[in-house]
Novice: 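Got a structure here, written out as structure tokens. Questions coming.
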Amino acid sequence: MKKIFRVLSSLLAVLLLVTTLYCFCFVSAANNRTFTTAPEIYTYVRDGYNQGTLGPISITKGTLKNGSSSKTVYLITLSGTEIVLNQSTEVVTDLLSGFNLKSAYYYNVVNTVLANIPVGSNLIIAGHSLGGMIAQQVAANSTLKAKYNIINTVCFGSPLLSAGSREGVVKRLGDVSDPVPYLSGSLFNNTLWAILGLNRENGGYGLLGIHAHNLSYAREDVWGAYDVTGTKYGSAKLILDLDTRVFYQSPIIDW
């Protein structure tokens, strides 16, 4: 009888261990999401347009896979112009960034990265409009370049900034009807690269530039051939642990 009891106890222990491991794996993987295209990243960036309730900056830990390569990365997303009380995504920041001048938004992003991402980490920065301009400026920040590996920057509907000093691969995506990618001082002192360095696709918006600027980049039928790094016909994918995503505010006065 004791032998049977010991056998049953052992079986029960094994069953509990297997169940625990299964539940642990299930729970750990349950909130992972795989991104394969640029429009999926754009939609993720747009979560920053939340009227200041969360903030325009977010950081998520994940894994970038490209062929046989696999890297742990932190995705930094930056939304664009949004008029919110005491949030540095207003028109003044647009003007400063347009001429590649530093702003509160820029400094807030740099400080947020330094305070929340381990030194030596791989970074991917993605931004829309103003957020894409800030992303390029951040990719050129000397302190961040010294402390981190900025491997990719993806900009949706954003003008050229900081050309020649940005770390990593920078991809700018711009609908042919979107005028915003040309609205910066860089167009005058680096005209050729401001135009030729833009990946262009036609969403069919014609003269409706504002719709092209806000709607085109979410469309798989227009931008679906671009992978998560903004590379056309690329095969990179990004697996994000959504439980690690944290949003951060960007106050005007926090310099």
Side-chain angles (χ1 to χ4, degrees), residues 38 41-42 44-49 54-62 64 71 73-82 87-90 92-173 180-181 183-186 190 193-194 197 228-230 238 245-252 254-255:
I41 297 297
Y42 172 73
Y44 200 69
V45 170
R46 287 200 64 88
D47 290 342
Y49 293 107
L54 299 172
I57 307 166
S58 85
I59 297 175
T60 314
K61 188 176 182 179
L64 178 68
K71 299 178 181 179
V73 298
Y74 288 84
L75 173 66
I76 303 161
T77 66
L78 308 173
S79 56
T81 307
E82 188 174 34
Q87 179 171 292
S88 58
T89 55
E90 79 294 8
V92 172
T93 304
D94 280 305
L95 293 174
L96 288 171
S97 298
F99 289 97
N100 207 17
L101 300 174
K102 305 300 188 291
S103 65
Y105 195 1
Y106 165 83
Y107 287 113
N108 286 327
V109 175
V110 171
N111 291 333
T112 296
V113 171
L114 291 171
N116 296 282
I117 299 180
V119 171
S121 299
N122 299 308
L123 308 183
I124 297 176
I125 313 172
H128 171 238
S129 194
L130 169 61
M133 288 195 283
I134 298 295
Q136 293 174 79
Q137 290 182 296
V138 168
N141 178 271
S142 58
T143 300
L144 295 189
K145 290 194 295 184
K147 292 179 177 290
Y148 300 95
N149 304 312
I150 305 173
I151 55 178
N152 292 101
T153 300
V154 188
C155 307
F156 302 94
S158 304
L160 172 69
L161 289 181
S162 302
S165 57
R166 304 167 302 188
E167 183 176 84
V169 178
V170 180
K171 296 291 185 180
R172 293 168 50 237
L173 312 186
V180 177
L183 302 179
S184 84
S186 294
N190 204 335
W193 188 240
V228 294
T229 68
L238 190 57
R245 190 180 199 185
V246 179
F247 283 87
Y248 299 91
Q249 299 287 341
S250 182
I252 292 174
D254 188 7
W255 289 70

Novice: Using modelled atom types and a 3.5 Å cut-off, is there a donor and acceptor pairing between side-chain atoms of Thr93 and backbone atoms of Ser88?
Specialist: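 Answer holds: yes.
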Novice: Restricting to non-hydrogen atoms, name the atom on Asn108 and the atom on Pro251 that form the minimum distance, rounded to 0.1 Å.
Specialist: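 Looks like ND2-O, 2.9 Å.
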Novice: If you compare all heavy atoms of Val45 against all heavy atoms of Ser79, which two are closest, and at what distance to 0.1 Å?
Specialist: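 Reported closest heavy-atom pair: O-CB, 4.0 Å.
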Novice: Checking the side chain of Asn149 only, and the main-chain atoms of Ile151 only, is there a donor and an acceptor separated by less than 3.5 Å?
Specialist: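 Looks like no, no N/O pair under 3.5 Å.
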Novice: Do side-chain atoms of Gln137 reach the backbone of Leu101 as a donor and acceptor pair under 3.5 angstrom?
Specialist: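 Side chain of Gln137 to backbone of Leu101: a pair is present.
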Novice: Which value, rounded to the nearest 0.5 Å, describes the distance between Asn116 atom CG and Asn111 atom CG?
Specialist: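 Rounded to the nearest 0.5 Å, the CG-CG separation comes to 10.5 Å.
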Novice: Which residues pass the salt bridge (charged side-chain N to carboxylate O under 4.0 Å, His left out) test with Arg245, not counting sequence neighbours?
Specialist: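 Arg245 satisfies salt bridge (charged side-chain N to carboxylate O under 4.0 Å, His left out) with Asp47 once adjacent residues are dropped.
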Novice: Nearest 0.5 Å please: distance from the CG atom of Leu96 over to the CD atom of Glu90.
Specialist: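 Going from CG on Leu96 over to CD on Glu90, the span is 8.0 Å.
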Novice: Can you check whether Thr229 reaches Lys171 side chain to side chain, under 4.5 Å on heavy atoms?
Specialist: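 No, side chains not in contact.
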Novice: Begin with the C-alpha distance, continue with both residues' side-chain angles, and end with the deciding distance and a verdict on side chain to side chain contact (heavy atoms under 4.5 Å, CB included) for Asn141 and Tyr106.
Specialist: CA-CA 10 Å; Asn141 178 271; Tyr106 165 83; 2.7 Å; yes
Novice: Is there a side-chain contact between Thr143 and Val110 (heavy atoms, below 4.5 Å)?
Specialist: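 Result no, sub-4.5 Å side-chain heavy-atom pair not found.
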Novice: Quick one: pull up CD1 in Ile76 and CD1 in Ile117 and give me the separation to the nearest 0.5 Å.
Specialist: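 The CD1 atom of Ile76 sits 4.0 Å away from the CD1 atom of Ile117.
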Novice: Between Thr60 and Tyr44, do the side chains contain a donor N or O and an acceptor N or O under 3.5 Å apart?
Specialist: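 Checked: Tyr44/Thr60 side chains pair up, N/O donor to acceptor below 3.5 Å.
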Novice: Given the rule in the side chain to side chain contact (heavy atoms under 4.5 Å, CB included) test, do Tyr148 and Leu114 qualify, once you have shown the distances and angles that lead to the verdict?
Specialist: CA-CA 9 Å; Tyr148 300 95; Leu114 291 171; 3.9 Å; yes
Novice: Spell out, as yes or no, whether a donor-acceptor pair under 3.5 Å connects the side chain of Ser129 to the backbone of Gly80.
Specialist: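 Side chain of Ser129 to backbone of Gly80: no pair is present.
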Novice: Please confirm whether the backbone N or O of Ser162 pairs with a side-chain atom of Gln136, one donor and one acceptor, at under 3.5 Å?
Specialist: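 Side chain of Gln136 to backbone of Ser162: no pair is present.
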Novice: Once you round to the nearest 0.5 Å, how far does CG of Asn122 lie from CG of Leu75?
Specialist: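 Asn122 atom CG to Leu75 atom CG measures 12.5 Å (nearest 0.5 Å).
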Novice: Quick one: pull up OG in Ser58 and CG in Leu78 and give me the separation to the nearest 0.5 Å.
Specialist: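 CG of Leu78 is found 8.0 Å from OG of Ser58.
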Novice: Using the side chain to side chain contact (heavy atoms under 4.5 Å, CB included) rule, take Val73 and Asn152 through it: C-alpha gap first, then chi angles, then the decisive distance, then the call.
Specialist: CA-CA 10 Å; Val73 298; Asn152 292 101; over 6 Å; no
Novice: Considering all heavy atoms of both residues, which atom of Val180 and which atom of Pro159 are nearest to each other, and what is their separation?
Specialist: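 What the structure gives for the nearest pair is O-CG, 3.1 Å.
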Novice: Evaluate the side chain to side chain contact (heavy atoms under 4.5 Å, CB included) criterion for residues Val109 and Ser250: first the C-alpha distance (whole Å), next the side-chain angles of each, then the deciding distance (0.1 Å), finally the verdict.
Specialist: CA-CA 8 Å; Val109 175; Ser250 182; 5.8 Å; no
Novice: Are side-chain heavy atoms of Val228 and Ile124 found at a separation under 4.5 Å?
Specialist: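 No. Closest side-chain heavy atoms not under 4.5 Å.
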Novice: Which atom names give the shortest non-hydrogen contact between Tyr74 and Ser121, and what distance separates them?
Specialist: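 So the minimum-distance heavy-atom pair works out to CE1-OG, 3.5 Å.
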Novice: Could you check whether atom NZ of Lys145 has more than 12 heavy atoms from other residues, nucleotides or ligands sitting under 6.0 Å from it?
Specialist: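 More than 12 within 6.0 Å, yes.
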Novice: Provide the closest heavy-atom pair for Met133 versus Asp94 in the form atom of the first, atom of the second, distance.
Specialist: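 Closest approach of Met133 to Asp94, heavy atoms only: CE-OD1, 4.1 Å.
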Novice: Out of curiosity, Leu183 CG to Leu95 CG, how far, rounded to the nearest 0.5 Å?
Specialist: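 It comes to 11.0 Å.
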Novice: Sequence neighbours left out, what passes ring-ring contact (aromatic ring centres under 6.0 Å, His included) with Phe156? Give chain and number order.
Specialist: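 Applying ring-ring contact (aromatic ring centres under 6.0 Å, His included) to Phe156 gives Tyr42.
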Novice: If every non-hydrogen atom of Glu82 is compared with every non-hydrogen atom of Gly48, which pair is closest and at what distance?
Specialist: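 Taking Glu82 first and Gly48 second, the nearest heavy atoms are OE1-O, 3.7 Å.
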